[in-house]
Amino acid sequence: MNKNLERLYNGLWKENPTFVLMLGMCPTLAVTTSAINGIGMGLSTTVVLVLSNMMISALRNIIPDRVRMPAFIVVVASFVTIVQFLMQGFTPSLYASLGIYIPLIVVNCIILGRAESYASKNPVIPSMFDGIGMGLGFTVGLTLIGIVREILGNGSVFGVTISALNDFHITLFGLAPGAFIVLGFLVAIMNVVRRKMEAAGKPLPAVQGCLSGDCSGCTLSSACTGKSMVHVTKEEIPVDPKDVAKPEPAKDAVKQTANTKNTEDVEKSGSDSSYADDDIEGKEENK
């Protein structure tokens, strides 16, 4: 498969940021009260993702490594400001619906993650397709969640009322808990598809990111300053007492012991010689 097409496929299906990598959960749960909100948030994120990937890839050999994260944030914030002004001027109703989550695109894990792990290490064209794939995958995820929540919560889809559901509204799905429930069911469906693909010999990558509790798989783990969610403890292997070598005595202790032994030998030999001298003197007196 062509490398650029592979990046599109990975973002849409194999590495979908919403259902596989579990990234960008704040807008996913907050703004998906309707399908239109999901499309609007997804497409605005896609535009910022594509433009920032291209700019960061073009400047990857110029940006110093020690300030790469602040530089990435400046680039992303510039494009987010442009998108925010365009939405405010041409789609004021959508801009009002998304609210604070438009400027929060600056710190979206998907954008910073792709900038750190892909755009800063690859040419401009592949980085552009990577941004398109990830952005469209994010848009599809938000749109699916928005469709389900809108149908069950308001009895409509894309603002069009479904007559069969006029008297069937579940208010819960219009609230924050409903977003968790819908996301959970969709992820469960993804897991079923994953198992079937694994059985067919085409496994998808494992779920990563903050919700899985595994910081080793996060693309921002090297730049994250927070504490790891997973604390790995080193397993202590029991040691057999027979295998433990006896500690060697210190050199000073060995030297002191030797000196003490030599002193005792000298004293003993001296006392023996004195006894011998007394015997010789006694024999001479008797003579």
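Just so you know, residue 1 is the first one in the sequence shown, and it goes up from there. In this text, all values refer to a predicted model and were calculated from it rather than measured experimentally.
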Selection residues 55-67 - residue pairs positive for salt bridge (charged side-chain N to carboxylate O under 4.0 Å, His left out), sequence neighbours left out: Asp65-Arg68
Residue pairs involving residues 125-148 (criterion salt bridge (charged side-chain N to carboxylate O under 4.0 Å, His left out); sequence neighbours excluded):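 Matches after skipping sequence neighbours: Arg7-Asp130, Arg114-Asp130.
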For [X] and [Y], which heavy atoms make the closest approach, and how far apart are they?
{"X": "Gly89", "Y": "Pro92", "value": "O-CD, 4.5 Å"}
{"X": "Gly133", "Y": "Leu8", "value": "N-CD2, 3.7 Å"}
{"X": "Gly11", "Y": "Pro17", "value": "O-CD, 3.6 Å"}

Ser57 side chain to Pro123 backbone, donor-acceptor under 3.5 Å: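 A pair under 3.5 Å: yes.
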Asn53 side chain to Ser127 backbone, donor-acceptor under 3.5 Å: yes
Please tabulate, for side-chain N and O atoms in residues 137-145, each donor-acceptor pair with protein atoms closer than 3.5 Å (sequence neighbours left out).
from, atom 1, to, atom 2, distance (Å)
Thr139, OG1, Gly42, O, 3.1
Thr139, OG1, Thr46, OG1, 3.3
Thr139, OG1, Gly135, O, 2.8
Thr143, OG1, Thr139, O, 2.7

Candidate pair Ile56 and Phe72, rule side chain to side chain contact (heavy atoms under 4.5 Å, CB included), full reasoning: CA-CA 7 Å; Ile56 291 170; Phe72 294 167; 3.4 Å; yes
Can [Y] be reached from [X] by stepping across I, L, V, M, F, W or Y side chains whose heavy atoms are under 4.5 Å apart?
{"X": "Tyr118", "Y": "Ile73", "result": "no"}
{"X": "Val74", "Y": "Val76", "result": "no"}
{"X": "Met55", "Y": "Ile62", "result": "yes"}
{"X": "Phe85", "Y": "Val48", "result": "no"}
{"X": "Ile82", "Y": "Leu59", "result": "yes"}

So how far is it from [X] [atom1] to [Y] [atom2], rounded to the nearest 0.5 Å?
{"X": "Leu49", "Y": "Asn108", "atom1": "CG", "atom2": "CG", "result": "8.5 Å"}
{"X": "Cys26", "Y": "Ile105", "atom1": "SG", "atom2": "CD1", "result": "12.5 Å"}
{"X": "Met134", "Y": "Thr18", "atom1": "CE", "atom2": "OG1", "result": "10.5 Å"}
{"X": "Thr81", "Y": "Leu86", "atom1": "OG1", "atom2": "CG", "result": "11.0 Å"}
{"X": "Met69", "Y": "Ile63", "atom1": "CE", "atom2": "CD1", "result": "11.0 Å"}
{"X": "Asn10", "Y": "Lys3", "atom1": "CG", "atom2": "NZ", "result": "11.5 Å"}

Among all residues two or more places apart in sequence or in another chain, which pass the side-chain contact (heavy atoms from CB on, under 4.5 Å) test with [X]?
{"X": "Leu175", "answer": "Pro177"}
{"X": "Leu51", "answer": "Val47, Phe79"}
{"X": "Leu98", "answer": "Val31, Asn37, Met41, Met87, Leu94, Ile102"}
{"X": "Val107", "answer": "Leu104"}

Residues in side chain to side chain donor-acceptor pair (under 3.5 Å) contact with Ser120, at least two apart in sequence or another chain: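 If we apply the side chain to side chain donor-acceptor pair (under 3.5 Å) test to Ser120, skipping adjacent residues, there are no hits.
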Taking C-beta and beyond as the side chain, do [X] and [Y] meet within less than 4.5 Å on heavy atoms?
{"X": "Leu172", "Y": "Ile181", "value": "yes"}
{"X": "Trp13", "Y": "Met190", "value": "yes"}
{"X": "Phe129", "Y": "Ile125", "value": "yes"}

Pairwise side-chain hydrogen bond (donor to acceptor under 3.5 Å, both in side chains) hits with a residue in residues 86-107, at least two apart: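 Checked against side-chain hydrogen bond (donor to acceptor under 3.5 Å, both in side chains) - neighbours excluded - the pairs reaching residues 86-107 are Gln84-Tyr95.
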side-chain hydrogen bond (donor to acceptor under 3.5 Å, both in side chains) pairs, two or more places apart, involving residues 145-154: Thr32-Arg149, Glu150-Ser156
